[in-house]
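Some notes on the structure that comes next.
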Protein chains: 2
Amino acid sequence: MSINGNELLQVFEALANPHRLRIVAALREQRKYVSELAREVRMSRPLLYLHLQRLEAAGLVTGNLELSDSGKAMKFYELADFEFHVTSETVAEATKTLQEPPSSKTNEEEE
Amino acid sequence: MSINGNELLQVFEALANPHRLRIVAALREQRKYVSELAREVRMSRPLLYLHLQRLEAAGLVTGNLELSDSGKAMKFYELADFEFHVTSETVAEATKTLQEPPSSKTNEEEE
DNA sequence: TACATATGTAATAAAATTATTACACATGTA
DNA sequence: TACATGTGTAATAATTTTATTACATATGTA
C-alpha cells in the first residue's frame, strides 16, 4: 500500500514554502515550543501558527501542550518521522486515489 | 552533493497542485502534445501552459516543439527522470542552501 | 500591582496562484 | 474560402495563501 493521493498532495503543499522548510530544519535539532521557535525563525507567532498548522495537517510535525515546571503552558512541536520516495511512478500511483473536494463543478456537463 | 534548497522548493511547489500531479501521471504513459494533453486532463490550453511551465521550471518535464509529418507545429512534453528522497534530514540539508530572493526586508534591523 | 512571557484566535490586508477570456498566427482539408 | 486543428500570449478575474494587527487569557517574578 502506497500513500494516498490527497495525503501526498498535502505533504507537497506543506513543503512548498521556504518558511516551512526552515521550520522543519529548526525542529530537527530538538523539539521547541512555539514562542521559542518564533524567535528562532524570526516570525510572528500568529504567522508561525499558520505554518505549523499546515505542517501538522500534513503529518510532518506534531504539537503537544504541556505545563512547564513553573506551571506555565508551553506548546511543544516536534518532527514526525517521515520518508517519501518521489518519482514519476510514485506520483502517478498516488494520483490514482486523488480526488478533488466534492465542491465546484464536478459533474455539471460532459461532452 | 545533494539538491539545492531553492531547487527542492521549486519541486515541491510544482507538485503542490492536483492538476499538476495529474499531468505528471498522464505523461507517464508517453509524451504528448499540448492540445492532446489538454483534452485528456480536461483543461483549457492557456491554463495547461501555466502548469506545464511550472513543472518545466522545476525540471520535472521538458517541452519540445516539433513539426508533424504534415508540417504542423506540435509541442511535445515528456517527463524528466526525477527521484527525490524526502525526509526531515534531506529537507534540513537542502534548507541550508535556501535563500529568499534578494528583495523584501532582508537586513533592516536586528535586535 | 506592573511587567515579562506563555498560548490562542479573529479580523483584515497584501501578495501570489490559479483560471478565464480574447486574441494573433499557421497548416491541412473540404 | 471556410473550417478544424495546432501554437502562443496578454489582460483580467477569481481564489487561495501568506502576513499583519489587535485582541483575550494565564502564570511567575519584581
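No experiment lies behind these values; they were computed from the predicted model shown.
Classification of the A/Y33-A/F76 ring pair by plane angle, with boundaries at 30° and 60°, yields perpendicular.
Checking C/dA6, C/dT20, C/dA19 against the side-chain heavy atoms of B/P46 singles out C/dT20 as nearest. Picking from D/dT7, D/dT9, D/dT21 the nucleotide with the shortest atom distance to the side chain of B/L65 gives D/dT7.
The CG atom of A/L50 sits 18 Å away from the P atom of C/dA13 (whole-angstrom rounding). Atom-to-atom, CG of B/L47 to P of C/dA22 comes out at 16 Å; the value is rounded to the nearest Å. The interatomic distance linking A/F12 (CZ) with D/dT17 (P) rounds to 17 Å, in whole Å. With rounding to whole Å, A/Y77 atom OH is found 14 Å from C/dA6 atom C1'. The CG atom of A/L21 sits 12 Å away from the P atom of D/dT18 (whole-angstrom rounding). Spacing between atom CG of A/L67 and atom C1' of D/dA26 amounts to 11 Å, rounded to whole angstrom units. Distance, B/Y49 OH to D/dA10 C1': 14 Å, rounded to whole Å. Remark: P of C/dA4 and CE of A/M74 are 18 Å apart, rounded to the nearest angstrom.
The closest side-chain heavy-atom distance from A/F12 to A/V86 is below 4.5 Å.
The side chain of B/Y33 contributes an N or O atom lying less than 4.0 Å from OP1 or OP2 of D/dG6. The phosphate of D/dT17 (OP1 or OP2) has no side-chain N or O of A/N17 nearer than 4.0 angstrom. An OP1 or OP2 oxygen of C/dT5 is reached within less than 4.0 angstrom by no side-chain nitrogen or oxygen of A/R45. The phosphate of C/dT7 has OP1 or OP2 within less than 4.0 Å of a side-chain N or O from A/S35. A sub-4.0 Å separation between OP1 or OP2 of C/dG8 and a side-chain N or O of A/K75 is present. Close to C/dA16, at under 4.0 Å from its OP1 or OP2, lies no side-chain N or O of B/R54. Considering only side-chain N and O atoms, A/H51 lies nowhere under 4.0 angstrom from the phosphate OP1 or OP2 of D/dT17.
Hydrophobic clustering keeps B/L50 apart from B/L60 (ILVMFWY residues linked when any side-chain heavy atoms are closer than 4.5 Å, directly or through intermediates).
Side-chain contact, B/R28 with A/S88: a donor N or O sits under 3.5 Å from an acceptor N or O.
For the pair B/A16 and A/A16, the tightest heavy-atom approach, listed with the atom from each and the gap, is CB-CB, 3.9 Å.
Looking at which nucleotide of DNA chain C each of A/Q53 and A/K72 is closest to, the 5′-most match is held by A/K72.
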